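Below is one structure, written out as structure tokens, with a few remarks after it.
Scope of the values below: all heavy atoms of this structure, side chains included, with no hydrogens, waters or symmetry mates. Predicted, not measured: the structure shown is a model, and the values here were computed from it.
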Amino acid sequence: MFRPNIPTMPQPTGLVTPTAVVEPTSIAPVAPTPPAAVTPASTRPAVQLTPGTMLALVGGGTAVVLVVGAVLVSMLLAVAITATSVAVCAVVTRSLLTRR
């Protein structure tokens with residue numbers, strides 16, 4: 001029951017097409033292409049940050065940190081409340097069982 005049954009591959013029946021024969025082809029050499037012209041590197045930065053965008057980035061980052069922090073603190077508080085209630089239930093159950 002616990003031993004796996006490995007199925008066997010059935011033999012093909014009916015018409016079987018032969019495999020195609022691949023013949024090698026000759027490779028013709030190609031003349032090398034001239035290198036492309038090199039453009040001078042730009043001295044401008046790729047991203048320009050204005051004071052308005054910097055303020056928006058700082059505000060957005062602060063909002064993300066505050067939201068993630070609130071979520072993590074609420075999860076920690078939920079775990080602490082759950083642990084406290086389980087401990088109180090254990091103490092009450094223990095006191096009820098020892099009185100009998």
Measure the CE-CG distance between Met54 and Leu57 for me, rounded to the nearest 0.5 Å.
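So the gap between those two atoms works out to 6.5 Å.
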
When rounded to the nearest 0.5 angstrom, what is the spacing between CG in Leu55 and OG1 in Thr50?
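Leu55 atom CG to Thr50 atom OG1 measures 9.5 Å (nearest 0.5 Å).
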
Contacts of [X] that satisfy side chain to side chain contact (heavy atoms under 4.5 Å, CB included) - sequence neighbours left out:
| X | result |
| --- | --- |
| Thr62 | Val58, Leu66 |
| Ile81 | Leu77 |
| Val92 | Val88, Leu96 |

Is there a path of hydrophobic side-chain contacts, each under 4.5 Å between heavy atoms of I/L/V/M/F/W/Y residues, joining Leu72 to Val64?
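They do share one cluster, since a chain of ILVMFWY contacts under 4.5 Å joins Val64 to Leu72.
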
Measure from the side-chain N and O atoms of Thr53 to the backbone N and O of Leu49, and report whether any donor-acceptor pair falls under 3.5 Å.
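Answer holds: no.
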
